[in-house]
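Here is how names work: the chains are called A, B, and so on, in the same order as the sequence lines, proteins then strands, and each is numbered from 1.
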Amino acid sequence: MIGVISYLVFFATVASILAIAVLGLNLQWGNTGLFNGGVVAFFGAGAYGTLLLGGTPQGDHIGGFGLFYPLALLGGMAAAGLLAWVVGILTLRLRHDYLAISTFGVAVAFENLMRNAEGLSGGAKGLRGFERPMREGLGDGFLYNIVFLVVVLLLLWATYRFLETLVGSPFGRLLRAIREDETAARSLGKSPSRCRLTAFVTGSIIMGLAGGLYGTFYAFVSPQDVLPTLTFQIWAMLIVGGAGNNKGAVFGAFLIWAAWTVSGWALSRFAPIEAQLYTGSIQYVMIGLVIVGMLLWRPQGLFPERLVVSQSSRKKA
Amino acid sequence: MIQHLLDGLLVGSILSLGATGLTMVMHMLRFANFSHAELLSIGAYSALVFDQLFKAVMPFTAVQIGPVSMTWALVLAMILSMAVTGASAVLFDRLIFRRVREKGEELSMVFASFGLALVIRNVIGLVFGLQTQLFSQDIVFATVLSRDPLILVKPDQLATLAIALVVMLILHLVLSRTTFGYSLRAVAENPELAQINGINLQRMIVIVWIIGGGLAALAGVFYGLTNQITPVMGRDLVLPIFAATIVGGIGSIYGALLGGFIVGIAANMALVVLPSGYSPSVPFLIILAVLLIRPNGLFGEERA
Amino acid sequence: MPDPALDVRTITAGFVPDLPILHDVSLRAKRGTVTVIIGPNGAGKSTLIKAIAGIVPVTEGAITFDGEDITHIRPDQMATRGIAYVPQTDNIFRSLTVRQNLDLALRRAGPEAADRLAELLEQFPALADKQPDKAGALSGGQRQFLAVAMALSTKPRMILMDEPSAGLAPRAAQEALELARGLTETGVTILLVEQNVNQALRLADHCYILAEGRNQVDGKAVELLGDSVVADIYLGGKRLRAGA
């Protein structure tokens with residue numbers, strides 16, 4: 001029984017962390033219409049940034065500044081934001097394909113750099129030497145995991161509240177206006193590229209927060225954690241939940257993560273030995289089908305954005 | 001150094017063929033098609049199937065042509081695979097992209113293309129296995145062009161480069177000498193005006209997919225011939241091909257041809273200064289450089 | 001009106017299905033005449049001409065040309081019905097040469113293509129020397145000539161022109177309008193949208209005034225030129241706005 005509960009705590013922690021990242025993506029895609037093909041780079045920047053700043057000194061790579069944990073986490077978020085700012089400033093003035101390609105490219109390059117730059121990231125064997133905060137008081141057991149889950153849930157709630165407030169604010173309305181009709185927004189004297197940059201960087205900082213928490217949870221991060229798979233999973237979560245809707249985004253995160261975990265377990269449990277090598281491929285096909293299928297048959301997601309009118313008027317007049 | 005240049009030229013010709021179709025589709029349908037590189041995989045794998053079929057059914061075709069490892073069977077297979085890949089591209093458009101387009105969700109097409117890429121790549125892995133494959137198990141020795149500095153070239157590489165250049169020449173002649181070529185360029189520049197001038201847009205979209213798919217198949221076969229065939233070749237090639245379109249300017253066919261060579265050569269030359277582990281990052285660095293220096297590419301026009 | 005070539009009957013049209021720009025608009029154009037559509041900015045003039053050309057979907061009403069229903073014909077099929085359309089801007093392919101633009105327009109002409117090309121170049125001598133040049137490098141007036149030449153290449157019985165004088169210097173604008181007038185001598189029907197109200201009215205046979213997507217007034221062009229009510233309500237209003 002305790003085993004089941006402890007697993008549920010573990011599951012809920014990871015799902016909640018991913019839900020934070022989905023919320024960040026929702027600000028970019030759902031509210032602003034920005035395609036981020038490299039979610040994992042910003043997530044990874046948060047994870048690596050947090051662990052490098054908050055870890056203990058290591059012989060073979062930089063970092064280990066042993067910073068006070070909240071500062072390290074903020075530093076990770078800042079790293080993600082900085083990366084987003086660089087990509088955004090170069091691409092957000094151009095037609096939208098450039099952002100899609102560049103963000104995809106930044107994710108490839110980020111993983112590649114983390115894998116090779118041993119002096120920076122520990123290379124392929126990953127980044128070690130991070131002590132989870134408050135470990136002395138709470139130990140490494142069940143209690144710690146419960147407390148950590150509560151912290152993650154609080155941060156998820158705070159992110160959710162922040163985004164709901166933002167979306168309801170004049171800035172949020174402006175973002176939607178830009179998404180629907182850029183020319184009209186520009187004629188109102190607003191600079192669409194600056195607004196998009198703000199939304200893109202903010203969304204990426206939120207992904208950085210998720211990455212920082214993820215790194216903290218495992219007290220370890222390696223190039224295996226920043227593979228493109230994570231980007232696809234986070235997208236599927238948003239599309240299933242319904243782009244533009246923060247509640248749907250959180251729900252989608254739990255739903256897809258559950259489906260991913262269960263299908264992985266079922267495949268490893270029931271698939272014949274010789275097919276075990278291919279369970280990954282099967283899971284990828286499923287996630288690809290979820291993305292394409294949702295776009296074809298239910299583009300508004302399971303929980304559509306409340307302002308449905310805007311979808312039909314997207315066609316250029 | 002010269003070796004890197006030669007290798008770059010070869011990779012460049014493959015990227016050029018891939019980027020040409022991609023830039024046409026991107027320009028006409030206004031989305032970054034992340035599934036384009038999977039058409040290279042479809043091309044390579046269908047050529048593999050046809051090649052083995054021909055060799056089994058018509059053993060006389062299993063004869064190597066001169067010094068290259070390519071057989072007549074493979075040449076036939078390549079032509080068939082171009083048709084199959086072009087047809088697949090049209091099919092994907094019918095099943096997915098056109099339906100998303102008609103819903104008015106143009107921005108979602110890039111998402112759909114990512115999802116489609118995942119499906120194609122992994123279905124190929126499931127059907128053909130995750131291991132790498134080769135068209136021919138025979139080892140073809142490289143010819144030594146020069147001993148100091150040491151320059152090696154395989155006959156296959158030269159043949160590939162030659163065929164790619166011939167295909168590009170044909171493409172150029174079509175684009176610059178025929179009214180069909182003019183209509184392709186017209187549609188790329190201004191679809192509405194093209195329609196006013198009597199060009200059937202729906203039919204042009206089909207033709208562009210067929211050409212893009214055919215060229216991608218050719219690139220895929222060449223990649224398989226000079227490297228190896230794996231289900232993840234699309235994943236590895238998607239970024240360099242995108243880089244080629246950005247270098248050339250999205251929508252410019254000539255830009256894509258030249259961009260492919262530039263990316264191929266730059267990526268190989270970069271290995272002179274960078275450790276080889278970093279080579280997957282080079283296309284991204286090239287994209288960054290273009291965006292900094294000349295965001296609309298060599299031949300691209302500014303457009304929203 | 002006897003023998004209208006073009007008959008637009010109470011059409012409703014717009015890009016977005018539930019948000020029509022035109023409401024119950026009707027218009028008739030007599031064969032071999034120049035009909036001009038004027039009205040303030042945003043009146044729906046361009047939308048009307050695009051609806052006739054098949055670019056803007058028509059949701060209600062019907063359009064016939066020479067007795068044939070053309071309401072839902074695709075723009076690429078208009079040429080086969082004897083209709084050509086010259087858009088206001090971006091009406092030539094800038095990345096192609098002048099010659100390539102003409103060849104493209106003539107590609108369905110078959111064996112006659114060479115003769116027709118020679119005819120068009122005779123009609124527009126300014127284009128003859130520019131054949132190898134990129135069309136994007138032409139001056140505004142030359143572009144307009146090329147666009148009209150491309151429209152003529154299919155031997156249309158009616159040409160729809162959207163502000164042929166827009167963006168041209170006064171002299172070139174006058175030339176463009178005179179060109180339109182001259183085309184009617186061969187029996188071609190011309191329907192044009194113009195901002196240049198005085199010049200257009202002097203040139204046209206018949207005139208329609210559109211405002212807020214609806215018909216307002218129509219009549220003989222020369223009569224409207226002196227009509228003070230029209231001038232006050234529409235043309236005056238327009239002039240004020242243009243001056244502001």
Subject >> Verdict with reasoning, Asp93(B) to Arg101(B), per salt bridge (charged side-chain N to carboxylate O under 4.0 Å, His left out) >> reply: CA-CA 10 Å; Asp93(B) 187 58; Arg101(B) 204 156 63 224; 3.0 Å; yes

Original post:
In terms of the angle between their ring planes, are Tyr48(A) and Phe110(A) parallel, tilted or perpendicular, with boundaries placed at 30° and 60°?
Top reply: perpendicular

Original post:
Are any of the side-chain heavy atoms of Gln28(A) and Met207(A) separated by less than 4.5 Å?
Top reply: yes

Original post:
In terms of heavy-atom pairs under 4.5 Å, which option from Val238(B), Ile120(B), Val123(B), Ile246(B) contacts chain A the most?
Top reply: Ile246(B)

Original post:
In terms of heavy-atom proximity below 4.5 Å to chain B, should Val86(A) be classed as side chain, backbone, both, or neither?
Top reply: neither

**OP:** Measure distances from Met26(B) to the heavy atoms of chain A and classify the residue's part below 4.5 Å as side chain, backbone, both or neither.
**Re:** both

**OP:** Could you tell me which portion of Ala117(A) (side chain, backbone, both or neither) has an atom closer than 4.5 angstrom to a non-hydrogen atom of chain B?
**Re:** both

Original post:
If you count heavy-atom pairs under 4.5 Å with chain A, which of Gly129(B), Ser113(B), Pro231(B) comes out on top?
Top reply: Gly129(B)

**OP:** Taking the side chain as every heavy atom from C-beta outward, state whether Phe232(A) and Trp235(A) have any pair of such atoms under 4.5 Å apart.
**Re:** yes

**OP:** Tell me, for Leu95(B) versus chain A, whether the close heavy atoms (under 4.5 Å) come from the side chain, the backbone, both or neither.
**Re:** backbone

Original post:
With a 4.5 angstrom heavy-atom cut-off, which part of Pro283(B) approaches chain A: side chain, backbone, both or neither?
Top reply: neither

**OP:** With a 4.5 Å cut-off on heavy-atom pairs, point out which of Asn33(B), Val110(B), Leu285(B), Ile287(B) contacts chain A the most.
**Re:** Val110(B)

Original post:
Does the side chain of Asn36(A) come within less than 4.5 Å of Leu25(A)'s, by heavy atoms?
Top reply: yes

Subject >> Ile239(A) portion near chain B, given a 4.5 angstrom heavy-atom threshold >> reply: side chain

**OP:** Dump the intermediate steps for ring pair (Phe, Tyr, Trp, His ring centres under 6.0 Å) on Phe104(A) and Phe242(B), then the final yes or no.
**Re:** CA-CA 10 Å; Phe104(A) 177 75; Phe242(B) 269 128; 7.2 Å; no

Original post:
Is it true that Glu111(A) and Arg115(A) have a side-chain N and a carboxylate O under 4.0 angstrom from each other?
Top reply: yes

